[in-house]
J.: 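So that we are looking at the same thing, I have put the structure below in structure tokens.
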Amino acid sequence: MRIDILSAVPDLLKSFFEHSIVKQAIDKGVVEIHLHDLHEYGKGKYRQIDDYQYGGGAGMVLMVEPIDKLISKLKSEREYDEVIFMTPDAPLLKQETANKLSLHKNLIILAGHYKGVDQRIRDLHITKEISIGDYVLSGGELPAAVLTDAIVRLIPGAMSDETSALTDSFQDKLLSPPVYTRPAEYKKMKVPDVLLSGNHKKIEEWREEKALERTKNIRPDLL
Ligand code: ADE
């Protein structure tokens with residue numbers, strides 16, 4: 001898979017991708033991440049990429065031309081399955097969305113900034129808009145990193161323990177059950193006996209029961 005990420009501050013994303021599961025996946029050759037700086041396509045001597053909004057109002061808007069130039073160039077080089085815009089005024093990111101996107105070959109992710117992007121970019125190029133939550137961040141870089149991580153960890157071969165991505169919370173619309181590791185007892189708190197029993201059927205039943213219990217208590221809306 002290839003993911004092209006377009007941003008006004010691509011350096012914000014660099015260190016994340018150099019120290020994460022995504023880095024592991026890049027090293028294994030299962031994904032290529034290409035970061036693009038919108039300023040390289042900016043206007044004039046100062047590489048301008050934003051301007052005041054028509055009709056007045058606070059906040060700068062990312063201009064149509066630099067983004068159009070960059071996306072058009074990328075599209076002329078290969079076919080993209082989706083051109084995604086990270087924005088709070090969009091459907092929420094769900095595990096299902098990440099599952100579907102992880103099956104694609106080429107993706108573009110546009111990280112917004114300032115007040116937003118000129119609507120014409122959305123009309124011209126964007127095929128999917130995604131929000132990572134009902135709150136506003138100062139830029140789309142963290143949301144782009146969140147989406148990329150959620151997608152990349154699902155690509156076969158990206159993680160060392162492949163089965164663990166499939167047993168994550170949300171994969172079956174349930175939260176994960178509690179997990180424990182050594183020691184078996186700590187400050188008088190014991191690991192549940194069933195987990196030490198070696199009885200796989202019983203362990204599976206216990207995990208299902210706890211997953212359901214947790215979901216009922218914490219996220220009943222998922223049921
Ligand atoms: N940009 C700013 N806030 C955002 C959010 N919640 N989701 C996606 N992109 C954003």
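Atoms within a ligand are numbered from 1 in the order they appear, just like the ligands themselves. Counting from 1, the numbers follow the sequence of the chain as shown. Because the structure is predicted, anything quoted here is derived from the model rather than measured.
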J.: Under 3.5 Å, side chain of Ser131 to main-chain N/O of Leu92, donor-acceptor pair present?
T.: no
J.: For atom 7 (N) of ligand 1, what's the nearest protein heavy atom and its distance?
T.: Ile132 N, 3.0 Å
J.: With a 4.0 Å cut-off, would you call Lys43 and Asp51 a salt bridge?
T.: no
J.: Which heavy atom of the protein is the closest neighbour of atom 9 (N) of ligand 1, given with residue, atom name and distance?
T.: Thr87 N, 3.2 Å
J.: Without swapping roles, check the side chain of Gln53 against the backbone of Ala58 for a donor-acceptor pair under 3.5 Å.
T.: yes
J.: Is a side-chain donor-acceptor pair under 3.5 Å present for Asn99 with Gln95?
T.: yes
J.: Do any nitrogen or oxygen atoms of Gly140 come within less than 3.5 Å of a nitrogen or oxygen of ligand 1?
T.: no
J.: Any idea which protein heavy atom is nearest atom 1 (N) of ligand 1, and the distance to it?
T.: Pro88 CD, 3.5 Å
J.: Could you go through the salt bridge (Lys or Arg N to Asp or Glu O under 4.0 Å) check for Lys173 and Glu96 one step at a time?
T.: CA-CA 10 Å; Lys173 296 237 160 71; Glu96 240 179 291; 3.7 Å; yes
J.: Is the shortest distance from a heavy atom of Ile130 to ligand 1 less than 4.0 Å?
T.: yes
J.: Say whether, by atom type as modelled, one donor and one acceptor occur between the side chain of Asn106 and the main chain of Asp81 under 3.5 angstrom.
T.: no
J.: Would one find an N or O of Gly133, backbone or side chain, under 3.5 Å from an N or O of ligand 1?
T.: yes
J.: Would you say Leu137 and ligand 1 have an N/O pair spaced under 3.5 Å apart?
T.: yes
J.: Below a 4.0 angstrom heavy-atom separation, can you tell me which part of Ser131, side chain or backbone, both or neither, approaches ligand 1?
T.: both
J.: Can you tell me if Gly139 has a non-hydrogen atom under 4.0 Å from ligand 1?
T.: yes
J.: Determine whether the side chains of Glu129 and Thr87 contain a donor N or O and an acceptor N or O closer than 3.5 Å.
T.: no
J.: Tell me which protein heavy atom sits closest to atom 6 (N) of ligand 1, plus the residue, atom name and distance to 0.1 Å.
T.: Tyr135 O, 2.8 Å
